[in-house]
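One structure below.
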Protein chains: 2
Amino acid sequence: MSENEKYAGLKLENQLCFPLYACSKEIIRKYKPYLDEIDLTYTQYIAMMVMWERKEVNVKTLGESLYLDSGTLTPVLKKLESKGYITRKRSEQDERNLVVTITEKGEALKDKATCVPGKIGSCVNLNADEAKILYDLLYKIINSMK
Amino acid sequence: MSENEKYAGLKLENQLCFPLYACSKEIIRKYKPYLDEIDLTYTQYIAMMVMWERKEVNVKTLGESLYLDSGTLTPVLKKLESKGYITRKRSEQDERNLVVTITEKGEALKDKATCVPGKIGSCVNLNADEAKILYDLLYKIINSMK
DNA sequence: TAGCTTAAAATAGTGTACAATTTAATAGTG
DNA sequence: CACTATTAAATTGTACACTATTTTAAGCTA
């Protein structure tokens, strides 16, 4: 095997993970100006997306939805609580669980956030078919790693 | 427009960015045990990949390759220097530039790292065609955002 | 029911990321 | 040549992200 072949896998351009990592970061960077307008970071935004759908959820379930653990979520949720978008309270049935509940202010934020996905979509240069293919491939990877 | 339509874009499952973000994180997590063996974090690993290719590079160029700025790279490079894989030295032609150079120990690490891409590849459940399609779509997005 | 195990969050510690600012060096211009 | 503008890293401050550990609560069993 030549030197080139031996080390081919170690080139950035031959990696699949690197463009995933770079693409993810760059799109999140694109979100920033729009999320700044509603005073959310990207992590806070995806946490709110779950809250807008579920209204009430414990930290474990939220973490499973977002692929994040309590080490990451605890400070994020405390921040969202301090902004008045959610409340945090131990479950009465099982006090190990912390129940996160959306507030009215949190619900109201949803209307301000509706424009965000479209604005991002318009700066990602893929047509609907390509986006669907990409989406399916990403979930194929994610689901195969569970 | 119905409530459902109005808010459809705000569901995690309808976002393209979220699976990108999740997929990137989960694959990087898969790297960890293999990178632990050679005592590198993922960021240190991709920085070393550039060094293995280029031998010598300044921080700005390295940052353009990795989509990272000096704020992120400075501590990463100091760490790699402390591990003996690179040296950091101001350019004599233009002292604003910091020249990063790979050491012999850094070169030697390349051999230990050759097995990493294959091990990751085998836990990403895509065939060669799918991987190629994904790769091309990711770079299409990345390049369209420049 | 006391003791062991499991489970859910929180905490501690390390390492990115990134925006904004600062510092130092170089380039460009009247 | 002095002055201004630009450039490259480093620094500062905030916010994740993750591993490992700790704390507290609940379930389980001899």
Side-chain angles (χ1 to χ4, degrees), chain A residues 17-18 20-36 39-48 57-83 86-100, chain B residues 17-18 21-33 35-36 39-48 57-83 86-100:
Chain A
C17 185
F18 178 70
L20 270 169
Y21 160 83
C23 196
S24 165
K25 274 196 313 150
E26 294 306 298
I27 295 188
I28 289 171
R29 191 204 305 274
K30 286 278 180 186
Y31 269 92
K32 190 167 189 309
Y34 308 115
L35 293 181
D36 279 350
D39 189 31
L40 292 179
T41 64
Y42 182 72
T43 313
Q44 291 164 17
Y45 172 65
I46 58 176
M48 286 307 297
V57 73
N58 62 35
V59 173
K60 182 178 168 55
T61 310
L62 183 59
E64 285 167 356
S65 302
L66 300 177
Y67 300 89
L68 292 172
D69 66 9
S70 70
T72 302
L73 284 175
T74 296
V76 170
L77 295 174
K78 284 182 176 172
K79 194 84 197 207
L80 288 173
E81 184 180 43
S82 78
K83 291 181 182 179
I86 59 165
T87 57
R88 298 163 66 250
K89 191 177 182 319
R90 291 280 166 182
S91 165
E92 286 176 15
Q93 293 80 46
D94 184 342
E95 294 208 0
R96 290 173 302 182
N97 285 280
L98 189 137
V99 180
V100 183
Chain B
C17 184
F18 178 71
Y21 160 84
C23 195
S24 165
K25 274 197 313 151
E26 294 305 299
I27 295 189
I28 290 172
R29 191 204 305 275
K30 287 278 180 185
Y31 269 93
K32 190 168 188 310
L35 293 181
D36 279 351
D39 191 30
L40 292 179
T41 64
Y42 182 71
T43 313
Q44 290 165 17
Y45 172 64
I46 58 176
M48 285 307 297
V57 72
N58 61 35
V59 172
K60 182 177 168 57
T61 310
L62 182 59
E64 285 166 355
S65 303
L66 301 178
Y67 300 89
L68 293 172
D69 66 9
S70 69
T72 302
L73 285 175
T74 296
V76 170
L77 295 174
K78 285 181 176 173
K79 194 82 198 207
L80 288 174
E81 185 180 42
S82 77
K83 291 180 183 181
I86 59 164
T87 57
R88 298 164 64 251
K89 191 177 182 319
R90 291 280 167 182
S91 165
E92 286 177 14
Q93 291 81 44
D94 183 343
E95 296 209 356
R96 289 172 301 183
N97 286 279
L98 188 138
V99 181
V100 183

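Predicted model only: the values in this text are computed from it and were never measured. Just so we're on the same page: letters track the sequence lines, and every chain starts at 1.
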Legend entry - Closest approach of B:Ala47 to B:Leu66 (non-hydrogen atoms, all atoms of both residues): CA-CD1, 3.8 Å
Legend entry - Residue-phosphate contact under 4.0 Å: B:Thr74 side-chain N/O, D:dT11 OP1/OP2: no
Inset, instruction - Within residues 25-33 of chain B, find the residues that approach DNA chain C with a heavy atom at under 4.0 Å, and present them sorted by residue number. - result: none
Inset, instruction - Measure from CG on B:Leu77 to P on D:dT11 and round the result to the nearest Å. - result: 13 Å
Legend entry - Distance below 4.0 Å between B:Thr43 side-chain N/O and C:dG15 OP1 or OP2: no
Inset, instruction - Whole angstrom is fine here: how far is it from NZ in A:Lys60 over to P in D:dT24? - result: 21 Å
Inset, instruction - Report yes if at least one side-chain N or O of B:Arg88 is closer than 4.0 Å to OP1 or OP2 of D:dA8; otherwise report no. - result: no
Legend entry - B:Ser70 (side chain) and D:dA8 (base): donor-acceptor pair under 3.5 Å: no
Legend entry - Nearest listed nucleotide, side chain of A:Tyr21, among C:dA10, D:dC16, C:dA17: C:dA17
Inset, instruction - Using a strict cut-off of less than 4.0 Å between a Lys/Arg side-chain nitrogen and an Asp/Glu carboxylate oxygen, indicate whether B:Lys60 and B:Glu64 qualify as a salt bridge. - result: yes
Inset, instruction - Take the protein atom CG of A:Leu62 and the nucleotide atom C1' of C:dA9, then report the distance between them rounded to whole Å. - result: 13 Å
Legend entry - Distance, rounded to the nearest Å, where A:Asp94 contributes CG and D:dG27 contributes C1': 10 Å
Inset, instruction - Give A:Thr72 one of three labels, base, sugar-phosphate or nothing, depending on what nucleic acid heavy atoms sit under 4.0 Å from its own. - result: base
Legend entry - Given A:Leu77, A:Asp39, A:Val76, the one that forms side chain to side chain contact (heavy atoms under 4.5 Å, CB included) with A:Gln44: A:Val76
Legend entry - Paired nucleotide for D:dA30 [Watson-Crick or G-U wobble; both distances under 3.5 Å]: C:dT1
Legend entry - Gap between atoms NZ and C1', on A:Lys78 and D:dA15 respectively (whole Å): 15 Å
Legend entry - Phosphate OP1/OP2 of D:dC18 contacted by B:Tyr42 side-chain N/O (<4.0 Å): no
Inset, instruction - Whole angstrom is fine here: how far is it from CD in A:Glu95 over to P in D:dG27? - result: 12 Å
Legend entry - Side-chain ion pair, B:Glu81 and B:Arg88, N-O less than 4.0 Å: yes
Inset, instruction - Find the distance B:Leu35:CG to C:dG15:C1' and express it as a whole number of Å. - result: 14 Å
Legend entry - Position toward the 5' end of DNA chain D (nearest nucleotide), A:Gly71 or B:Arg96: B:Arg96
Inset, instruction - Kindly indicate, with the supporting measurements, whether the criterion side-chain hydrogen bond (donor to acceptor under 3.5 Å, both in side chains) is fulfilled by A:Asn58 and A:Thr61. - result: CA-CA 6 Å; A:Asn58 62 35; A:Thr61 310; 2.7 Å; yes
Inset, instruction - Give the minimum heavy-atom separation between B:Cys17 and A:Ile28, together with the two atoms involved. - result: SG-CG1, 3.8 Å
Inset, instruction - Would you indicate what B:Asn97 reaches in the nucleic acid, counting non-hydrogen atoms under 4.0 angstrom: base, sugar-phosphate, or nothing? - result: sugar-phosphate
Legend entry - Phosphate contact (C:dG15 OP1 or OP2) by B:Lys79 side-chain N/O below 4.0 Å: yes
Inset, instruction - Could you tell me whether the phosphate oxygens of D:dA17, OP1 or OP2, come under 4.0 Å of any side-chain nitrogen or oxygen in A:Tyr67? - result: no
Legend entry - Spacing between B:Arg90 atom CZ and D:dA9 atom C1', to the nearest angstrom: 5 Å
Inset, instruction - Ignoring backbone atoms, test whether B:Gln93 places a side-chain nitrogen or oxygen under 4.0 Å from the OP1 or OP2 oxygen of C:dT26. - result: no
Inset, instruction - Give B:Leu68 one of three labels, base, sugar-phosphate or nothing, depending on what nucleic acid heavy atoms sit under 4.0 Å from its own. - result: sugar-phosphate
Legend entry - A:Ser91 side-chain N/O to A:Asp94 backbone N/O, donor-acceptor pair under 3.5 Å: yes
Inset, instruction - Kindly state whether the ring of A:Tyr21 and the ring of B:Tyr67 have centres lying under 6.0 angstrom apart. - result: no
